[in-house]
Amino acid sequence: VPEGPEVETIRRTLEPQLLGRSLHEPWTSGLKLRSNQNEGALKALEHKPIKALGRRGKLMWIDFAGDMSLLVRLGMTGRLYVKNRAEPTESHTHFRAHLDRGELELRFVDPRRFGDLQVVDAARKQHEINRIGPDPLSWKEEEKLALVARVRASDRTIKDILLDQSVLAGVGNIYASESLFAARIHPQARGCQLSKPRIGKLLEHTAAVLELAVRHNGTTFSNYVDGAGKKGDNLNFVNVFQRTGEPCYVCQKPIRRAVQSGRSTFYCMKCQKCT
Ligand SMILES: [Zn+2]
């Protein structure tokens, strides 16, 4: 499942290929995605130059001239990339459009169809962005301070808080486990059990973990690829994620796996503490 760093990697690789260009002859599979838009909605973007590519958390957007945007949600298995028109279309392709009538095509592929492409105006785009919490890859100091207070006031487990996209943006299962290990905090600690300095440190580690992942072009462990179709290599740099039974790099005790809110959590019993 793509998290913030994977979406940021895709945004960065797509940006130079898309800026200033426009979409032509959009095609859709007609199969239902989340917001179920059809060719008609996407036609509204035709011939409008692309002005910017933005992102917050896992939500990406492509801004077009005329205050129209395309919101891109990758969901679990979505991929958005540029390919030569001559290359065969993969199965589960749901969107294709020529770029400037040239050799290249923008394509959206999504086998499980939890992803989405949605044409929106500026107000709708802002509404969607406002539903997402601050992003550790770009947050402001005051946003971070407000977050420390919010976590401290919560009796939810810290892992669940990290995964809540309305609290902070872009952290999924991999980076939640990695951030908690980096901060030596047990995933089942409750927000209210942690001191403000520890929460502050955790948020710094979270930002650092995400920045490192972006430098490694994201973490590929299933089918994620960047906007040029390449895999990320961050999985070579994780400390706990999917390392069940392997020795902790700090204390040599085996890494444990627990199921928390229906998802796997990886942690070190010795290094990570509740308080
Ligand atoms: Zn350890």
Side-chain angles (χ1 to χ4, degrees), residues 1-24 26-27 33 42 45 48-65 69-90 92-112 114-118 125 129 132 135-138 169-172 174-175 207-238:
V1 179
E3 303 182 23
E6 288 73 43
V7 180
E8 176 60 16
T9 302
I10 290 165
R11 192 197 68 76
R12 289 184 188 185
T13 46
L14 285 175
E15 194 168 50
Q17 306 186 82
L18 296 184
L19 280 187
R21 291 194 156 131
S22 54
L23 304 181
H24 295 263
W27 169 92
L33 297 175
L42 291 155
L45 303 176
K48 290 182 164 51
I50 292 170
K51 291 164 59 185
L53 277 78
R55 181 198 61 85
R56 180 150 165 183
K58 304 174 190 179
L59 179 68
M60 185 168 89
W61 54 88
I62 303 174
D63 292 334
F64 293 78
S69 298
L70 183 66
L71 299 183
V72 180
R73 294 180 177 89
L74 299 174
M76 296 183 72
T77 52
R79 286 177 288 142
L80 184 72
Y81 56 79
V82 171
K83 269 266 160 68
N84 199 294
R85 278 170 68 179
E87 298 227 25
T89 311
E90 273 186 80
H92 308 293
T93 298
H94 298 293
F95 169 78
R96 279 198 333 246
H98 306 160
L99 293 170
D100 283 351
R101 300 187 191 285
E103 295 300 296
L104 298 176
E105 246 181 25
L106 182 65
R107 296 179 182 177
F108 183 70
V109 177
D110 190 356
R112 296 192 63 180
F114 288 109
D116 198 26
L117 297 177
Q118 186 183 11
K125 174 185 143 190
I129 293 172
I132 309 170
D135 188 315
L137 287 167
S138 58
V171 178
I174 304 173
Y175 303 121
V209 161
L210 297 184
E211 279 158 17
L212 186 72
V214 171
R215 284 208 295 281
H216 294 139
N217 298 316
T219 305
T220 295
F221 64 96
S222 56
N223 69 341
Y224 155 81
V225 288
D226 69 16
K230 286 192 303 203
K231 288 176 178 283
D233 63 359
N234 193 60
L235 196 56
N236 302 323
F237 302 91
V238 297

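Computation of the quantities below employed the complete heavy-atom set of this structure, encompassing side-chain atoms and omitting hydrogens, waters and symmetry-equivalent molecules.
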Measuring from atom [atom1] of [X] to atom [atom2] of [Y], what distance do you get when rounded to the nearest 0.5 angstrom?
X    : Y    : atom1 : atom2 : result
L99  : K83  : CG    : NZ    : 13.5 Å
I62  : L23  : CD1   : CG    : 7.0 Å
D110 : F95  : CG    : CZ    : 14.0 Å
L70  : M60  : CG    : CE    : 8.0 Å
L210 : D135 : CG    : CG    : 7.5 Å
R107 : H92  : CZ    : NE2   : 15.0 Å

Which pair of non-hydrogen atoms, one from [X] and one from [Y], has the smallest distance, and what is that distance?
X    : Y    : answer
I10  : L80  : CG2-O, 4.0 Å
T89  : R96  : OG1-NH1, 3.5 Å
R73  : Q118 : NH1-OE1, 3.1 Å
P136 : V171 : CG-CG2, 4.5 Å
R112 : T77  : N-OG1, 3.1 Å
G57  : A169 : CA-CB, 3.5 Å

* E103 CD: over 12 foreign heavy atoms closer than 6.0 Å ->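 No, CD of E103 has 12 or fewer neighbouring heavy atoms, counting only those of other groups under 6.0 Å.
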* Asked: Aromatic rings H94 and F108: how do their planes relate, parallel, tilted or perpendicular, breaks at 30° and 60°?
  ->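 H94 and F108: tilted rings.
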* Give the intermediate values and the outcome of side chain to side chain contact (heavy atoms under 4.5 Å, CB included) for residues L106 and R21. => CA-CA 11 Å; L106 182 65; R21 291 194 156 131; over 6 Å; no
* Any side-chain heavy atom of L74 within less than 4.5 Å of one from K58? ->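 L74 does not reach K58 side chain to side chain.
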* State whether E90 and R79 are salt-bridged, where the test is any N-O pair (Lys NZ or Arg NE/NH1/NH2 against Asp/Glu carboxylate O) under 4.0 Å. =>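 Yes, E90 and R79 are salt-bridged.
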* Assess whether side chain to side chain contact (heavy atoms under 4.5 Å, CB included) is satisfied between L71 and D116, documenting all intermediate values. => CA-CA 8 Å; L71 299 183; D116 198 26; over 6 Å; no
* Asked: Taking L18 as the fixed residue, which of L104, T13, V82 is the one that meets the side-chain contact (heavy atoms from CB on, under 4.5 Å) rule?
  ->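 Answer to the side-chain contact (heavy atoms from CB on, under 4.5 Å) test with L18 among L104, T13, V82: V82.
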Quick check: does any side chain N or O of [X] sit under 3.5 Å from a backbone N or O of [Y], one acting as donor and the other as acceptor?
X    : Y    : result
R55  : V7   : no
E3   : I174 : yes
R11  : L53  : yes
D63  : S69  : no
D100 : S22  : yes

* Check the pair R215, E211 against salt bridge (charged side-chain N to carboxylate O under 4.0 Å, His left out), reporting the backbone distance first and the verdict last. => CA-CA 6 Å; R215 284 208 295 281; E211 279 158 17; 5.1 Å; no
